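Would you mind keeping the following structure in view while I ask a few things?
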Amino acid sequence: MPFLKRTEREAQNAAMLEKTSSPSHPGNPELPADEQKITFLAIYLGLVASIGGFMFGYVSGQISGFFQMDDYARRFGQAQPDGTFTFDAVRQGTITALLCAGALVGSLVAGNIADTLGRRLAISVSAFSCCIGTIIEISSETAWYQFAIGRLVNGVGIGSLSVLVPMYQSESSPAIIRGMLVASYQLFITLGIWTAEMINYGTESKASSASWRIPNGISFLWALILGAGILFLPESPRFAYRQGREDEARRTIARLAGLDPDSRSVNHQITEIRVKLEEERAGADTAWYEIFTGPKMFYRTLLGVVLQAGQQLTGANFFFYYGTTIFQGVGLSNSYVAQIILGTVNFACTFAGLWVVQKCGRRNALMAGAAWMMMCFLIYSFVGHFLLHEGKDTKEAGNLLIVFSCLFIAAFATTWGPLVWAVVAELYPARYRAPAMAMATASNWLWNFLISFFTEFITGAIDYLYGLVFAGCCAALVVIVFFFVIESKDRSLEEIDTMYLLGVNPITSAKWDGSKVPDSADTSGRNSGLEERGMSVERVPTRTIEE
C-alpha cells in the first residue's frame with residue numbers, strides 16, 4: 001500500500017494481496033474501486049440512516065407555518081387591541097430557536113454516546129428520544145413556554161442524530177458512493193422541510209388545534225421508522241473493528257460493497273484500518289482535548305467548525321424559518337404557496353447536489369456555490385431595501401424577491417447543503433472522529449440558534465439589508481475553501497487522514513499522488529503527537545513490502 005507503510009507481518013495478515021492493480025485514482029492507484037459494486041444494502045443503509053435528516057428538516061420546516069395559523073396564534077400569541085394575536089420578536093425567536101439550543105446540547109454529547117453504545121444503537125436511542133419532546137409539544141394548551149420546552153427536548157435528539165447519522169454513513173459506506181450516501185442526509189433534510197410545508201398547507205385552514213397538532217403528531221412516525229429500521233442494519237465496520245470484532249467488520253465491508261470477504265478490496269480496507277489502529281494504540285490514550293492538541297488536529301477541528309458554521313452563515317435557514325412571514329409581507333395572497341415553492345426547489349435541486357457530490361470535486365463545488373449565493377443575496381438585499389421597504393412597486397419587487405430566493409436555494413441545495421456533511425464526515429481520523437464531529441456539528445447548531453433567535457430583531461432594525469451580512473459570509477467562505485480544504489473525492493478515509501498529516505497543499509490536493517510518499521514520511525501522527533508532549537521518539541526502521 002503506497003501511502004501507508006506496512007511491516008512484513010501486517011502484509012501477511014492482509015492475505016497476500018494480489019499484485020495486479022486496478023488504478024482508480026491518482027492519489028491511491030492500488031485501491032480497486034472498480035471491484036466494488038453499488039449494492040442494495042448500501043443504498044438501504046444510506047436511506048434509512050438519512051431519516052435522521054428528514055426529522056431535522058420536518059421540525060425545522062413546520063414552525064414557520066405555525067405562526068400564521070389562527071388557533072396556534074390564539075393559544076400562544078399575544079392579544080392586540082384590535083382583537084388579533086401576534087408574536088413579538090422575543091417569543092417567536094425563543095420558540096424557533098430552542099430547537100437549535102437543544103440540538104447544540106445533543107450534538108456535544110453524541111460523540112460519547114456513539115463511542116459507548118456504538119453508532120447504530122446510538123442512532124436508535126436518539127430517534128426514540130425525540131418522541132418525548134413531541135409529546136410535550138402536542139400536550140401544550142395555552143402556555144407558549146411549554147411548547148418551546150418541547151422543541152428544546154426534541155432538539156436534543158435531533159442534534160445527536162445530526163452527528164451520528166453522517167458518522168455512521170461515512171464509516172460504513174463503500175468509497176465509491178460514500179459522498180453520495182452522506183449527502184443523502186441533506187436530501188432528506190430538504191424532503192422533511194418540503195413535507196412539513198405541504199402538511200401545513202393542508203391543515204392551516206382548520207379552525208381547531210388540528211391545524212398544528214396534526215403536523216406535530218406525525219413526527220412520531222419518522223422517529224419510529226428510524227429507531228426501529230436502523231436496528232436491522234449492520235454496525236459500522238470501523239467501530240466493530242475497534243471493538244475487536246474483525247470478522248464482523250470484514251463481513252460488513254464485503255456485504256456493503258458486494259464482494260467476497262476474502263477479496264483483495266476487502267483485505268485492502270481491513271489492512272488500512274488495522275495499520276491506523278495499531279499506530280494510534282502505540283501512542284498514549286486519547287483525551288477529549290486532543291481534538292485540538294493532537295497532530296494536525298487543531299487545523300482540522302477548526303476547519304470543521306468553520307465549515308459547519310458556514311453552512312448556516314450562507315443564510316439558507318433565514319428563508320426556511322421565516323419564509324412564510326417574509327412572503328406574507330410582500331403582499332402575496334397565500335404565503336404558504338411561496339414557501340412550498342422554495343421547499344420544492346430545495347428538494348428537487350438536492351438531487352442535483354447528489355450528482356455534484358458523486359461526480360465533481362468538493363472544493364470547486366463549494367467555491368462556486370458560495371459565490372452564486374453571494375450574488376443572490378446582494379440582489380435580494382438591495383431590491384428588498386430600495387423597493388419593498390420604500391413601498392415602491394411591491395408586486396414586481398416581490399416576484400423578483402421570490403425568483404432570487406429560488407436561485408439562492410438552488411445553489412445551496414446543490415453545494416453547501418449536501419457537501420458540508422460529506423466533507424466534515426471525511427475530515428477526521430477514527431481516533432478523534434466522534435468528538436471532533438460533535439464539536440463541528442455543535443457550531444452548526446450554535447449559529448442556527450443565533451440566526452433563528454436574532455433574525456426578528458435584526459430585520460426589524462435594518463430590514464432586507466440583513467442579507468448583506470450573509471453575502472459577506474459567502475464571500476469569506478470562497479476564500480476559506482480555496483486555501484484550507486483538501487480535495488477528498490474518491491479517497492479512503494485513511495488516505496484523507498494521511499494527506500492532512502503530511503500537510504498536502506489544498507490548492508493542488510486534487511492531483512496528489514500517494515504512491516510518491518517517501519518511505520521516511522510519518523503518516524500515523526503518532527510520532528508528532530509524542531513530540532508535541534515533549535517525549536523523545538526513537539524511530540525504528542521497519543521493512544516494507546512493495547505490492
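Keep in mind that what you see is a predicted model, and the values were worked out from it rather than measured.
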For this session: Heavy atoms only: give me the nearest T314-M373 pair and the separation to one decimal.
Result: CG2-CE, 3.7 Å

For this session: Answer yes if the side chains of T441 and S107 hold a donor-acceptor pair under 3.5 Å, and no otherwise.
Result: no

Exercise. Within the side chain of S170, is there an N or O that forms a donor-acceptor pair under 3.5 Å with the backbone of M167?
Worked result: yes

For this session: Indicate yes or no: does R362 engage E426 in a salt bridge with an N to O separation below 4.0 Å.
Result: yes

Problem set entry | Test: R300 and D497 ion pair at under 4.0 Å | yes

N/O donor-acceptor pairs under 3.5 Å from side chains in residues 473-484, not counting sequence neighbours:
none

Problem set entry | Listed partners of F87 passing ring pair (Phe, Tyr, Trp, His ring centres under 6.0 Å), at least two apart | F67, Y72

For this session: Start with the C-alpha gap between I189 and N346, add the side-chain angles, then the distance that decides, and say whether side-chain contact (heavy atoms from CB on, under 4.5 Å) holds.
Result: CA-CA 10 Å; I189 291 177; N346 188 31; over 6 Å; no

For this session: Could you tell me which residues satisfy ring pair (Phe, Tyr, Trp, His ring centres under 6.0 Å) with Y500, sequence neighbours excluded, listed by chain and number?
Result: none

For this session: Please confirm whether Y380 and F408 have ring centers closer than 6.0 angstrom.
Result: no

Exercise. Quick one: do the S184 and S50 side chains pair a donor with an acceptor below 3.5 Å?
Worked result: yes

For this session: Would you check if R120 and S236 make a side-chain contact, meaning some heavy-atom pair closer than 4.5 Å?
Result: no

Problem set entry | Qualifying residues under ring pair (Phe, Tyr, Trp, His ring centres under 6.0 Å), relative to W222, sequence neighbours excluded | F54, Y58

For this session: Could you walk me through whether I95 and I63 pass the side-chain contact (heavy atoms from CB on, under 4.5 Å) test, one step at a time?
Result: CA-CA 9 Å; I95 293 174; I63 191 63; 3.8 Å; yes

Exercise. Once the angle between the rings of F449 and F453 is folded into 0 to 90°, is it parallel (under 30°), tilted (30 to 60°) or perpendicular (over 60°)?
Worked result: parallel

Exercise. Do NZ/NE/NH1/NH2 and the carboxylate oxygens of E137 and R151 come within less than 4.0 Å?
Worked result: no

For this session: Quick one: closest heavy-atom pair of G369 and T415, and the distance?
Result: CA-OG1, 3.5 Å

Acceptor/donor pairs from residues 303-310 side chains to any protein atom, 3.5 angstrom cut, sequence neighbours excluded:
residue: Q308; atom: OE1; partner: N444; partner atom: ND2; Å: 2.9

Problem set entry | Summary of ring-ring contact (aromatic ring centres under 6.0 Å, His included) pairs that have at least one residue in residues 151-197, sequence neighbours excluded | Y185-W421

Problem set entry | Donor-acceptor side-chain pairing of Q312 and S443 below 3.5 angstrom | no

Problem set entry | Pair I43-L181, side-chain contact (heavy atoms from CB on, under 4.5 Å): steps then yes or no | CA-CA 7 Å; I43 299 297; L181 290 186; 4.3 Å; yes

For this session: With side-chain contact (heavy atoms from CB on, under 4.5 Å) as the test, would you mind laying out the steps for W372 and M375 before giving the verdict?
Result: CA-CA 5 Å; W372 181 264; M375 180 271 294; 3.7 Å; yes

